[in-house]
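Take a look at the structure below.
Chain letters run A, B, ... following the sequence lines, proteins first and then strands; every chain starts at 1.
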Protein chains: 2
Amino acid sequence: MQRKSGHVTLLDIARACGYSVSTVSIVLSEAPLSQNVAATTREQIRKMARDLGYHPDAYARSLRRRRSQSIAVLAYDLSDPFCIPIVHGIQAGLQPVNYMPLLVDAQTQRKLFDSYLRMILERRAEGVIVIASWIFQETNLLDDVEKNQVPIVIVGRDLTNRNVSSLLVDNEAGGALAMRHLIELGHRRIAIVRGPQELFDTELRWAGVQRAAAEAAVKIDPKLVYQLPNITNSTSGFEGGFHFANEMLASKRPFTAVLAFDDLTALGVVRGLNGAGVRVPDDCSVVGFDDVLPAAVATPGITTVHQPLKEMGLLASEWTLQAINAREGQSHKPAQLYNASPELIVRMSTARCPSAPRKIRP
Amino acid sequence: MQRKSGHVTLLDIARACGYSVSTVSIVLSEAPLSQNVAATTREQIRKMARDLGYHPDAYARSLRRRRSQSIAVLAYDLSDPFCIPIVHGIQAGLQPVNYMPLLVDAQTQRKLFDSYLRMILERRAEGVIVIASWIFQETNLLDDVEKNQVPIVIVGRDLTNRNVSSLLVDNEAGGALAMRHLIELGHRRIAIVRGPQELFDTELRWAGVQRAAAEAAVKIDPKLVYQLPNITNSTSGFEGGFHFANEMLASKRPFTAVLAFDDLTALGVVRGLNGAGVRVPDDCSVVGFDDVLPAAVATPGITTVHQPLKEMGLLASEWTLQAINAREGQSHKPAQLYNASPELIVRMSTARCPSAPRKIRP
DNA sequence: TCAAGAGATTCAAACGTTTGAATAAGGACG
DNA sequence: CGTCCTTATTCAAACGTTTGAATCTCTTGA
């Protein structure tokens with residue numbers, strides 16, 4: 001009974017129980033017509049399909065239906081812990097409608113990116129979700145996708161100006177949240193490690209930090225503001241944090257807290273401070289951003305700004321499905337922007353400023 | 001010129017330059033016959049394909065060729081940092097032969113696992129690579145795959161007894177490596193946190209630990225041996241480590257080092273010890289296993305046992321491709337086992353035993 | 001008795017490729 | 001002039017589904 005292809009087909013089932021391929025198809029795909037099929041026939045066909053271990057061929061089906069039932073999820077760098085919760089959200093959104101996520105990791109390599117983009121196009125993904133943890137300037141990479149009228153949604157970056165629906169955390173609010181936390185703990189001399197210039201997040205978080213400082217009438221010493229170089233690999237944030245912690249100490253300028261661009265940078269700062277005998281949080285507080293696993297399991301646990309990544313992933317998948325359905329109905333879904341509200345997660349790396357008088361909260 | 005499907009087909013190209021679909025297909029797929037096609041024709045067709053932005057339809061092609069050109073990568077829990085380097089290795093192996101990895105994350109949920117397995121079968125993956133970071137006992141889940149004669153390779157677990165090619169780190173050697181390191185640093189009173197009973201790794205690492213102890217004539221105090229409960233979520237290792245650190249301290253039994261089942265457990269131990277004012281590594285050394293990112297960026301960095309994950313992933317993809325080719329040629333590739341050599345990564349969490357006399361190495 | 005409808009099932013074309021076999025147009029040779 | 005190679009191109013069937021239209025067999029009502 002082994003077919004040459006090694007897979008059971010409708011024809012096998014049809015022959016095995018004496019009906020035509022059409023009838024079998026109608027029953028197994030639960031087409032509207034199947035209510036006209038005699039109940040006994042239905043049962044017989046279903047049983048045979050089960051016995052033979054039939055699985056419909058997605059290729060034949062998609063070819064005929066002209067729907068691939070799949071959505072590409074293109075991560076720029078899956079090794080960034082930031083990505084996984086987003087992927088989980090996407091999976092959760094795709095599961096109920098039986099869409100397959102085509103998850104690929106470009107590993108920040110242009111060559112891989114192109115190659116996977118081609119595969120995605122060939123596999124006729126009905127939509128593309130891009131997870132841009134940190135992303136090159138080159139955004140025209142997706143032109144090919146747009147040309148084929150495939151809806152795109154991007155997570156982690158705002159591309160609404162290019163008419164692409166985007167979901168990201170409200171970086172300005174997050175920066176302010178982190179800064180306000182330090183200020184409320186009594187810190188006044190706060191060192192800042194800004195993100196790399198190439199990232200959009202950098203300016204927004206910085207704006208939030210400045211706003212919070214201004215609101216509390218706290219001055220930021222420009223000599224205590226550092227900027228990470230452009231990213232070269234996934235641990236360059238850590239190395240940058242380590243490096244700048246040493247610079248801060250060498251500068252001899254007093255500071256009691258460090259606001260780092262992200263969690264890995266914060267962990268690098270902690271390492272740097274520790275090496276010089278500065279204890280966190282007793283002598284100096286450190287705050288991060290992103291709430292990734294390493295920040296949670298380090299000791300001290302890093303106080304950080306949490307992004308609702310899973311929710312963002314879920315919403316991204318919903319938007320993509322809506323865009324697909326809209327296109328199906330000849331209409332068009334305009335690009336949307338979702339600015340997720342960040343949340344402060346207080347752990348052990350921040351404490352009341354040692355020299356500061358206890359402040360009475362209003 | 002917009003097709004109803006929204007995608008350019010061979011027919012479009014054929015019409016546009018006045019040749020038949022066959023000729024176009026022969027040229028673009030670089031079939032053997034294409035050397036018979038006039039050079040001018042070839043060029044003309046290629047140009048038109050480029051201009052129209054043609055991408056061959058993988059569904060039609062696979063249907064006809066009876067090859068899906070894709071391999072499923074089924075991760076039990078992608079949020080385990082352990083998985084990503086393996087995936088990178090697999091991608092590296094699949095890239096040159098133009099296979100698409102169908103990467104899915106079962107999130108340790110039976111329901112998801114089943115659902116994705118069905119999708120994989122429907123998409124006619126030619127092979128399946130399972131990444132079993134930590135895995136249920138239920139191994140018959142893959143029966144359905146085997147029934148369809150799809151080759152399976154598993155990473156992170158030995159299933160050669162079920163005739164499945166397996167790649168994993170030599171856990172026994174790794175356990176011995178970690179233990180020997182502590183012993184060489186002069187530690188004699190070493191607490192051990194064993195892994196969960198349900199994991200095969202647990203017994204093997206434990207055997208290695210015991211061997212190293214025996215070889216050095218060091219006794220392991222059974223009262224200082226703990227066992228992690230079965231895993232419920234991805235941070236339960238951390239929580240277990242934290243919990244047992246407190247138990248060790250409460251037991252009042254002296255110990256100068258802790259050998260933890262994996263890195264997250266080690267990080268939990270560090271947190272627990274720190275909470276009681278025990279400094280790592282000054283008062284107590286801690287060693288982990290796996291070499292995941294959080295272990296590297298924590299302070300102190302965790303001394304650990306590295307697994308060559310990327311190489312294992314690469315080899316897994318090669319084995320899978322070999323098995324596919326073998327099946328193509330009507331032959332059969334017998335199940336193989338690869339025991340990767342672990343490597344000790346010395347960081348900052350281990351130090352010479354405070355009370356021990358300096359030992360002269362031979 | 002016949003037309004009309006309902007119920008159950010099948011026909012046949014289509015989706016976009018690939019590929020073995022067929023065709024057509026040119027020589028070269030006996 | 002017919003035969004036999006090349007060279008260049010096309011035919012047509014097939015892959016496994018889906019689905020609008022068609023067929024066949026009953027029943028029902030006039």
Test of understanding: with side-chain contact (heavy atoms from CB on, under 4.5 Å), list the residues that count as partners of B/Ile152, not counting sequence neighbours.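 B/Ile152: side-chain contact (heavy atoms from CB on, under 4.5 Å) contacts with B/Val130, B/Leu142, B/Val145, B/Glu146, B/Val164.
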To the nearest Å, give me how far apart [atom1] ([X]) and [atom2] ([N]) are.
| X | N | atom1 | atom2 | value |
| --- | --- | --- | --- | --- |
| B/Ile13 | C/dT17 | CD1 | C1' | 12 Å |
| A/Glu122 | C/dG16 | CD | P | 15 Å |
| B/Leu10 | D/dA14 | CG | C1' | 16 Å |
| A/Arg65 | D/dG20 | CZ | P | 12 Å |
| B/Leu63 | D/dA13 | CG | C1' | 13 Å |
| A/Leu28 | D/dT18 | CG | P | 8 Å |
| A/Glu30 | D/dT19 | CD | P | 13 Å |
| B/Arg124 | D/dC15 | CZ | P | 14 Å |

Taking atom types as modelled and ignoring hydrogens, do the side chains of B/Thr23 and B/Ser20 form a donor-acceptor contact shorter than 3.5 angstrom? yes
Does a donor on one side chain and an acceptor on the other come within less than 3.5 Å for B/Arg67 and B/Tyr99? yes
At their closest point, which heavy atom of [X] faces which heavy atom of [Y], and how far apart are they?
| X | Y | answer |
| --- | --- | --- |
| B/Ser68 | B/Ser62 | CA-OG, 3.7 Å |
| B/Met100 | A/Leu102 | CE-CB, 3.9 Å |
| A/Ser70 | A/Arg123 | OG-O, 4.3 Å |

Would one find a side-chain N or O of [X] under 4.0 angstrom from OP1 or OP2 of [N]?
| X | N | result |
| --- | --- | --- |
| B/Arg61 | C/dT18 | yes |
| B/Tyr54 | C/dT17 | yes |
| A/Arg66 | C/dG16 | yes |

Just the atom pairs and distances: protein N or O near nucleotides 5-11 of chain D's N or O, under 3.5 Å.
residue: D/dA8; atom: OP2; partner: B/Asn36; partner atom: O; Å: 3.0
residue: D/dA8; atom: O5'; partner: B/Asn36; partner atom: O; Å: 3.4
residue: D/dT9; atom: OP1; partner: B/Thr41; partner atom: OG1; Å: 3.3
residue: D/dT9; atom: OP2; partner: B/Ala38; partner atom: N; Å: 3.1
residue: D/dT9; atom: OP2; partner: B/Thr41; partner atom: OG1; Å: 3.3
residue: D/dT10; atom: OP2; partner: B/Ser20; partner atom: N; Å: 2.9
residue: D/dT10; atom: OP2; partner: B/Ser20; partner atom: OG; Å: 3.1
residue: D/dT10; atom: OP2; partner: B/Thr23; partner atom: OG1; Å: 2.6
residue: D/dC11; atom: N4; partner: B/Ser22; partner atom: OG; Å: 2.9

Could B/Asp57 and B/Arg61 be called an ion pair, given the rule that one side-chain N must be under 4.0 Å from one carboxylate O?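 So B/Asp57 does not pair with B/Arg61 through a salt bridge.
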Go through the N and O atoms of the side chain of A/Arg64 and the base of D/dT18, and report whether any donor-acceptor pair is under 3.5 Å.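 A donor-acceptor contact between them is present.
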